[in-house]
Participant: 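To start, I am sharing the structure in question, which I have written as structure tokens.
Here is the naming used below: chain letters follow the sequence lines, and residue numbers restart at 1 for every chain.
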Amino acid sequence: MASSVRVRFAPSPTGYLHVGGLRTALYNFLFARKNNGKFILRIEDTDRARYVDGAVEKLIDALHWAGIDYDEGPNKNGDVGPYIQSERLEIYRKHVEQLLQNGKAYHCFCASERLEQMRKEMEAKKVDVKYDRTCLKLSEQEIQNNIEKKIPFVVRMKIPEHRTIAFHDIVRGDVEFQSDLIDDQVLLKSDGFPTYHLAVVVDDHLMEISHVIRGEEWLSSVPKHLLLYEFFGWEVPQMAHLPLLLNPDKSKLSKRQGDVAVEDYRDKGYLKEALVNFVALLGWNPGTEQDIFSMEELIEQFSLERVHKSGAVFNLEKLNSLNATHLRKKSDEELLKILKDELAKSKFAGKHFADEYLLQVVTAMRERVTFVKDFIEQSSYFFEAPTAYDETAKAKNWKPETSYQLKLLTAEFSKLENPKKEDYEIALHKTAQQLQIGNGKLIHGVRLAISGVSGGPGLYDILSILGKEESMKRIYTAIETIK
RNA sequence: GGCGCUAUCGUCUAAUGGUUAGGACAAGGCCCUCUCAAGGCUUAAAUACGGGUUCGAGCCCCGUUAGCGCUACCA
């Protein structure tokens with residue numbers, strides 16, 4: 001292999017995995033798998049103020065849940081670790097030292113208050129806001145004195161003047177910036193931690209990253225990074241900047257307008273297959289009319305060239321529909337397993353249901369649910385007798401004569417021995433004939449009596465799942481209860 | 001404000017100079033039917049605007065507008 005593909009997902013540990021992050025991670029993962037490359041997870045925790053306990057574990061959990069596993073990263077050391085930036089401080093320090101010696105960077109002792117003041121003034125004067133290079137004029141001696149006096153300092157990048165910085169982005173095409181508009185970016189903070197810009201360049205190079213695939217919010221930072229590659233004399237990886245995920249009002253997807261954490265969707269009962277399928281299609285499609293994908297199919301068909309440029313609204317309706325589709329693709333046995341897990345978390349946790357019984361519920365309901373929890377919420381009557389009767393169904397389907405009709409029906413039911421679905425049907429038809437009414441009349445009443453609602457699986461299915469005893473008991477209860 | 005990016009049905013998107021501008025979700029209708037679904041069929045729904053280039057523009061160019069991103073010792 002001439003050039004091997006190595007990509008990375010480099011989130012900062014905020015305590016949860018953002019769905020936009022999931023999409024970025026997924027595209028990186030797909031690209032790596034498709035090209036027999038490596039997918040690396042790197043933790044960008046260079047902001048001590050934002051430290052969140054246990055965040056890395058949560059991140060890894062969420063990724064793993066989604067079916068995105070990394071080849072190198074925390075707890076999976078390759079040759080170029082460590083993969084957590086706070087453990088690489090010495091590496092950054094050395095590189096900053098090199099830049100300092102080459103005159104590509106300089107110490108800055110300006111207090112943040114002064115900088116803030118400066119920016120305000122610049123803004124008022126409507127000139128481009130950037131550092132005024134006060135500290136660039138410091139002599140070697142002054143710098144030494146300041147350091148000895150323990151005045152806090154940062155190290156800034158010295159941006160060259162009058163340069164046009166151009167590069168080719170795989171999804172955006174050719175992009176150009178003028179160096180004169182770029183600020184002398186801080187590379188090393190006063191606490192000794194690197195900023196994103198330094199760390200990302202150093203790590204991407206040291207970790208031999210071939211393609212940088214990340215969100216569009218980084219596009220404006222690319223020229224700084226390019227300059228850094230040049231200062232170090234390093235080869236620049238390929239760039240691909242992904243379109244943003246948007247709120248319904250088209251602003252950048254945010255917490256304020258709904259759930260953004262992968263964990264939220266997981267906890268709400270979304271299937272990983274659906275979430276992955278959904279985010280994959282937010283910004284990419286294979287050009288065919290296929291819209292349901294397994295992870296394998298995504299790997300097979302993914303390409304960066306087909307990622308497009310404009311932002312995509314994160315639309316729940318589509319996700320829901322995808323969830324229902326992926327749910328229906330599962331076998332009864334798989335659904336049984338998930339249903340049992342769900343049941344254990346529900347108010348029916350204390351009750352025992354035989355697998356055989358649950359399997360019948362799955363078969364009856366699988367075409368009617370969007371979420372696994374719908375098995376329980378939409379058809380709770382399989383787990384307990386109705387505790388109430390739907391008012392509109394009552395008004396529509398429960399007439400003064402219904403009690404009498406159902407009594408007649410139960411009489412017919414009581415004659416049945418080990419009835420099957422068909423036996424209930426025959427018995428009901430017989431009763432309807434006797435009463436000289438349509439089957440429908442009877443059916444709706446029975447349905448209400450045994451389920452409490454007006455919708456659901458075929459009546460005879462419900463009857464045979466519930467069984468003769470339970471069904472009759474519920475009919476008696478309804479006769480007594482419904483007025 | 002400056003810089004950058006973007007612009008096809010309500011939403012996700014297809015069409016990479018020649019199509020009745022296609023599909024999916026959502027919405028409406030019909031079929032099926034004991035109900036609710038599922039499924040099948042079907043209707044409505046888009047090239048932001050203005051100029052070019054071209055025999056021909058959703059596609060190329062310029063401008064306008066709008067949206068978004070960046071403009072931190074945050075990532």
Participant: Can you tell me how far P in B/U16 sits from the matching atom in B/A21, rounded to whole Å?
Facilitator: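 The answer is 14 Å between these two P atoms.
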Participant: Start at the 5' end of RNA chain B and walk down; is the nucleotide closest to A/V186 or to A/G173 reached first?
Facilitator: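 With A/V186 and A/G173 compared, the 5'-side residue is A/G173.
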Participant: Taking 4.0 Å as the cut-off, does a side-chain nitrogen or oxygen of A/K189 come that near to OP1 or OP2 on B/A75?
Facilitator: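 For A/K189, the contact criterion (side-chain N or O under 4.0 Å from OP1 or OP2 of B/A75) is met.
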Participant: Would you kindly compare A/G283 and A/V129 by the position of their nearest RNA chain B nucleotide and give the one closer to the 5′ end?
Facilitator: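 In this pair, the answer is A/G283.
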Participant: Quick one: label A/R306 by what it contacts on the DNA or RNA (base, sugar-phosphate, nothing), any heavy atom closer than 4.0 Å.
Facilitator: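 Answer is sugar-phosphate: A/R306 comes under 4.0 Å of backbone atoms only.
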Participant: Considering just the side-chain nitrogens and oxygens of A/H308, establish if one lies under 4.0 Å of OP1 or OP2 belonging to B/U13.
Facilitator: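 Yes, such a contact exists.
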Participant: Before accepting this row, confirm whether a basic side-chain N of the pair A/K104/A/E230 lies closer than 4.0 Å to the acidic partner's carboxylate O.
Facilitator: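 Salt bridge: no.
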Participant: Begin from the C-alpha positions of A/Y460 and A/D423 and carry the test side chain to side chain donor-acceptor pair (under 3.5 Å) through to its verdict.
Facilitator: CA-CA 9 Å; A/Y460 310 117; A/D423 300 319; over 6 Å; no
Participant: Please classify the nucleic acid contact of A/S12 as base, sugar-phosphate, or nothing, using heavy-atom distances under 4.0 Å.
Facilitator: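 It contacts sugar-phosphate atoms only.
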Participant: Step through it carefully: locate the ring centre of A/F314, locate the ring centre of A/Y265, and say whether they are under 6.0 Å apart.
Facilitator: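 Yes, the ring centres sit under 6.0 Å apart.
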Participant: Are A/R172 and B/G69 close enough that a side-chain N or O sits under 4.0 Å from OP1 or OP2?
Facilitator: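 No, A/R172 has no side-chain N/O under 4.0 Å of OP1/OP2 on B/G69.
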Participant: Who does B/A45 pair with, Watson-Crick or G-U, both distances under 3.5 Å?
Facilitator: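 In the structure as shown, B/A45 has no Watson-Crick or wobble partner.
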Participant: A/R447 has a side chain; which of B/C34, B/C5, B/C68 sits nearest to it?
Facilitator: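 Selected nucleotide (nearest to the side chain): B/C34.
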Participant: Would you measure the distance from the C1' atom in B/U6 across to the matching atom in B/G22 and give it in whole Å?
Facilitator: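 Here B/U6 and B/G22 have their C1' atoms 23 Å from each other.
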Participant: If the cut-off is 4.0 Å, is A/N285 near the phosphate of B/A14, judged by side-chain N/O to OP1 or OP2?
Facilitator: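 Affirmative; the distance criterion is met.
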Participant: Please determine if a side-chain N or O atom of A/T46 lies less than 4.0 Å away from the OP1 or OP2 oxygen of B/A75.
Facilitator: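 Yes, such a contact exists.
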Participant: Mind checking the C1' distance from B/G18 to B/C59? Whole angstroms is fine.
Facilitator: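 These two C1' atoms come out 12 Å apart once rounded.
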Participant: Would you mind telling me which of B/C25, B/G4, B/A75 lies closest to the side-chain atoms of A/L219?
Facilitator: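 Of all the options, the side chain of A/L219 is nearest to B/G4.
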Participant: Using a cut-off of 4.0 Å on non-hydrogen atoms, how would the nucleic acid contact of A/V175 be classed: base, sugar-phosphate, or nothing?
Facilitator: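 Sugar-phosphate, backbone atoms only, no base.
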Participant: Would you classify A/F177 as touching base, sugar-phosphate or nothing, given that sugar-phosphate means primed atoms plus P, OP1 and OP2, and contacts are heavy atoms under 4.0 Å?
Facilitator: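 Since only primed, P, OP1 and OP2 atoms lie under 4.0 Å of A/F177, the category is sugar-phosphate.
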Participant: Provide, to the nearest angstrom, the distance between the CE atom belonging to A/M365 and the C1' atom belonging to B/U35.
Facilitator: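 Atom-to-atom, A/M365 to B/U35, this comes out as 12 Å.
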Participant: Go through the steps for A/K330 and A/E273 under the test salt bridge (charged side-chain N to carboxylate O under 4.0 Å, His left out), then give the verdict.
Facilitator: CA-CA 11 Å; A/K330 290 187 175 295; A/E273 291 88 341; 2.9 Å; yes
Participant: With respect to the side chain of A/W218, which nucleotide from B/C34, B/A75, B/A72 is positioned closest?
Facilitator: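 Nearest nucleotide to the side chain: B/A75.
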Participant: Under 4.0 angstrom, heavy atoms only, what part of the nucleic acid is A/V313 near: base, sugar-phosphate, or nothing?
Facilitator: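 Touches sugar-phosphate only.
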Participant: What is the distance, to the nearest angstrom, from the CD atom on A/E367 to the P atom on B/G40?
Facilitator: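 So the CD-P distance, A/E367 to B/G40, works out to 11 Å.
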Participant: If you look at every strand shown and take non-hydrogen atoms under 4.0 Å, does A/N315 touch a base, only sugar-phosphate, or nothing?
Facilitator: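 A/N315: backbone/sugar contact only, no base atoms under 4.0 Å.
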Participant: Would A/E391 and A/K394 count as a salt bridge (charged side-chain N to carboxylate O under 4.0 Å, His left out) if you check the C-alpha gap in whole Å, the side-chain angles of each, and the deciding distance to 0.1 Å?
Facilitator: CA-CA 5 Å; A/E391 287 301 329; A/K394 225 156 77 176; 3.2 Å; yes
Participant: Taking a pair as Watson-Crick or G-U wobble with both distances under 3.5 Å, which nucleotide is matched to B/U20?
Facilitator: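 Result: none.
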Participant: Would you kindly give the NE2-to-C1' distance between A/H326 and B/C25, to the nearest whole Å?
Facilitator: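 My rounded result for the distance is 13 Å.
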Participant: Quick one: does any side-chain atom of A/D374 pair with a main-chain N or O of A/F371 as donor and acceptor, under 3.5 Å?
Facilitator: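 Checked: pair present.
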Participant: Base, sugar-phosphate, or nothing for A/S454, non-hydrogen atoms under 4.0 angstrom?
Facilitator: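 Base contact.
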Participant: For B/A72, does either OP1 or OP2 sit under 4.0 Å from a side-chain N or O belonging to A/R119?
Facilitator: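 Looking at the OP1 and OP2 atoms of B/A72, one of them is under 4.0 Å from a side-chain N or O of A/R119.
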Participant: Rounding to an integer number of Å, can you tell me how far A/D174 CG sits from B/G4 P?
Facilitator: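 Result: 14 Å.
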Participant: Look only at the side chain of A/E297 and the backbone of A/S294, and say whether a donor-acceptor pair between them is shorter than 3.5 Å.
Facilitator: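 Looks like yes, one N/O pair under 3.5 Å.
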Participant: Starting from C1' on B/G4, measure out to CG on A/D128 and report it in whole angstrom.
Facilitator: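 Answer to the nearest Å: 13 Å.
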Participant: A/E176 near the nucleic acid: base, sugar-phosphate alone, or nothing, with a heavy-atom cut-off under 4.0 Å?
Facilitator: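 Sugar-phosphate, no base atom in range.
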Participant: B/U47 and B/G17: how far apart are their C1' atoms, nearest whole angstrom?
Facilitator: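 Per the computed distance, 15 Å lies between those C1' atoms.
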Participant: Could you tell me how far B/G56 sits from B/U19 if I compare only their C1' atoms? Round to whole Å.
Facilitator: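 Each nucleotide's C1' atom is 14 Å from the other's.
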Participant: Which nucleotide in the list B/C68, B/A26, B/U6 gets nearest to the side chain of A/S310?
Facilitator: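 From the listed options, B/U6 comes nearest.
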Participant: Please determine, for the side chain of A/L459, which listed nucleotide (B/C34, B/U13, B/A26) has the closest atom?
Facilitator: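 Among the listed nucleotides, the one closest to the side chain of A/L459 is B/C34.
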Participant: Need one value for A/P457: base, sugar-phosphate or nothing, where a base atom within 4.0 Å counts as base even if backbone is also close, heavy atoms only.
Facilitator: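 Answer is base: heavy atoms of A/P457 come under 4.0 Å of a base.
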Participant: If we take the P atom in both B/A66 and B/A48, what is their distance in whole Å?
Facilitator: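 Rounded to whole Å, the distance is 16 Å.
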Participant: Roughly, in whole Å, what's the span from CG in A/L316 to P in B/A24?
Facilitator: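 Checked: the CG to P distance equals 21 Å.
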Participant: What heavy-atom pair brings A/L409 and A/L428 nearest, and what distance separates the two atoms?
Facilitator: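 That closest heavy-atom pairing would be CD1-CA, 3.7 Å.
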Participant: Let's test this: given Watson-Crick or G-U wobble pairing with both distances under 3.5 Å, identify the partner of B/U53.
Facilitator: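 Per the H-bond distance test, none.
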Participant: Hunt down the Watson-Crick or G-U wobble partner of B/G58, both distances under 3.5 Å, from any strand shown, or write none.
Facilitator: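 Pairing partner: none.
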Participant: How long is the line joining NZ of A/K318 and P of B/C25, in whole Å?
Facilitator: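 Rounded to whole Å, this separation is 7 Å.
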Participant: Mind checking whether A/Y196 and A/W218 have ring centres under 6.0 Å apart?
Facilitator: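 Yes; A/W218 has its ring centre under 6.0 Å from that of A/Y196.
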Participant: Should A/K396 be listed as having a side-chain N or O under 4.0 Å from OP1 or OP2 of B/U35?
Facilitator: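 Result: no.
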Participant: Given that both distances must come in under 3.5 Å, which nucleotide forms a Watson-Crick or G-U wobble pair with B/U8?
Facilitator: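 B/U8 is paired with nothing.
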Participant: Using the P atoms only, state how far B/G23 lies from B/U43, rounded to an integer number of Å.
Facilitator: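 Each nucleotide's P atom is 10 Å from the other's.
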Participant: Figure out the CD/P separation between A/E425 and B/U33, and round it to whole Å.
Facilitator: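 After rounding, the gap between these two atoms is 13 Å.
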Participant: Establish whether the base of B/C73 is bridged to the side chain of A/S190 by a donor-acceptor pair shorter than 3.5 Å.
Facilitator: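 Pair found.
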Participant: Counting heavy atoms from C-beta on, name the nucleotide in B/A14, B/C34, B/C73 closest to the side chain of A/L115.
Facilitator: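 Given the options B/A14, B/C34, B/C73, the side chain of A/L115 is closest to B/C73.
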Participant: Which one, B/C5, B/C73, B/U11, comes nearest to the side chain of A/K250?
Facilitator: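 So the side chain of A/K250 is nearest to B/U11.
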Participant: Output the single nucleotide from B/A75, B/U11, B/C68 whose closest atom is nearest the side chain of A/S251.
Facilitator: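 When the side chain of A/S251 is considered, B/C68 is the closest of B/A75, B/U11, B/C68.
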Participant: From the options B/C36, B/C74, B/U13, select the nucleotide whose nearest atom is closest to the side chain of A/R50.
Facilitator: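 Ranking B/C36, B/C74, B/U13 by closest atom to the A/R50 side chain puts B/C74 first.
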Participant: Between A/D180 and A/H162, which heavy-atom pair has the shortest distance, and what is it?
Facilitator: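 Closest approach of A/D180 to A/H162: OD1-N, 2.6 Å.
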Participant: Report yes if at least one side-chain N or O of A/K309 is closer than 4.0 Å to OP1 or OP2 of B/U6; otherwise report no.
Facilitator: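 Yes, A/K309 has a side-chain N/O under 4.0 Å of OP1/OP2 on B/U6.
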Participant: With both distances under 3.5 angstrom, what nucleotide forms a Watson-Crick or G-U wobble pair with B/C70?
Facilitator: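 Paired with B/C70, as far as the under-3.5 Å criterion goes, is B/G2.
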